[in-house]
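For reference, the structure discussed in these notes is given below.
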Amino acid sequence: MSEVKLAAETRTEFGKGAARRIRRDSKVPGVLYGHGSDPLHLTLPGHELLLALRTPNVLISLDIDGKTNELAIPKAVQRDPLKGFLEHVDLQLVKRGEKVTVEIPVHAEGELAPGGNLLEHVLNALPVEAEATHIPESVTVSVEGLEAGASILAKDITLPSGISLAVEGDTVVLQVLAAQAEEAPEAEAEGEEAAEA
């Protein structure tokens, strides 16, 4: 698990106008909360934050006003729907050794059984409980040779040591669907003629 260091400044201006000014300076408004403390409004460096957020559940070491250092993980990220730039970020305060509940991406590897079957990701991310400084970036599941109708449950996924499921073990994560056969054009035409009669 990578740790990214970011310099942050506390924010005293709020509202849309203040947020626009912050974004104009290539920075991102954010809020740091957790551990029962009052939310701390921050201004974060835009480009560095964007790079950090490419890693799911990245651990961010915040140097706030050059005075205090805090560890945080991203909880909610708002992006501009058209341009994709960051508009706002919510960060959760964490401590080393503390367990947190996060979602880790699920990657499938391997080839399904022949026959044009389709793999459906029922859950794109698996909710797990992990120590804040040891959150895995993702989990990989083998789907090699699975037939239509097969499914992989949360309890079937091998997790790294120290990581536990935060969902029921019987939750379906991946399932294999049979490919839908298209109706032959003649059959459709016959059906339409019957409907007209």
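Just so you know, these numbers come straight off a predicted model, no measurement behind them. The chain is numbered in sequence order, starting from 1.
- Contact record, V143 with G110: CG2-O, 3.7 Å, taken as the closest heavy-atom pair.
- Each of L32, L93, V31, D90 was checked for a side chain to side chain contact (heavy atoms under 4.5 Å, CB included) with P39, and the lone residue meeting it is V31.
- In this structure, CZ on R79 lies 6.0 Å from CG on L53, to the nearest 0.5 angstrom.
- Taking each heavy atom of A132 and L59 in turn, the nearest pair found is O-CD1, 3.8 Å.
- Between I135 and V102 the shortest heavy-atom distance is CG2-CG2, 3.7 Å.
- When side chains are defined from C-beta on, L91 counts as touching L62, because their heavy atoms get closer than 4.5 Å.
- Qualifying side chain to side chain contact (heavy atoms under 4.5 Å, CB included) partners for P29, counting only residues two or more places apart in sequence or in other chains: R11, A19, I22, R23, H88.
- The hydrophobic cluster containing V128 also contains V167, counting ILVMFWY residues as joined when their side-chain heavy atoms lie under 4.5 angstrom apart, directly or transitively.
- The shortest side-chain heavy-atom distance between L174 and L119 falls under the 4.5 Å cut-off.
- Listed here is the closest heavy atom pair of N117 and L112: O-CD1, 3.7 Å.
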Could you list the donor-acceptor pairs under 3.5 angstrom formed between side-chain atoms of residues 147-165 and any protein atom two or more places apart in sequence or on another chain?
unit_1, atom_1, unit_2, atom_2, d
K155, NZ, D170, OD1, 3.0
D156, OD2, L153, N, 3.0

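- For residues 108-121, the set of pairs meeting the salt bridge (charged side-chain N to carboxylate O under 4.0 Å, His left out) definition, not counting sequence neighbours, is empty.
- When all heavy atoms of I104 and P136 are compared, the closest pair comes out as CG2-O, 3.2 Å.
- The distance from the CD atom of Q175 to the CG atom of L123 is 10.5 Å, given to the nearest 0.5 Å.
- Within the structure, salt bridge (charged side-chain N to carboxylate O under 4.0 Å, His left out) pairs that include any residue of residues 98-108 do not occur (at least two apart or interchain).
- Here H107 pairs with P105, S138, T140 under the side chain to side chain contact (heavy atoms under 4.5 Å, CB included) rule; sequence neighbours left out.
- Applying the side chain to side chain contact (heavy atoms under 4.5 Å, CB included) test between V173 and each of L126, V122, V141 identifies L126 as the sole match.
- Minimum heavy-atom separation, T171 to E168: OG1-O, 2.8 Å.
- K5 has its side chain out of reach of D63: every pair of non-hydrogen atoms, C-beta onward, lies at least 4.5 Å apart.
- Legend: residues meeting side chain to side chain contact (heavy atoms under 4.5 Å, CB included) with A166, ordered by chain and number and at least two apart, are T101, P127.
- Separation of atoms CZ (R96) and CG (L71) is listed at 4.5 Å; rounding is to 0.5 Å.
- Annotation: side chain of N69 is not in contact with side chain of I64 (no heavy-atom distance under 4.5 Å).
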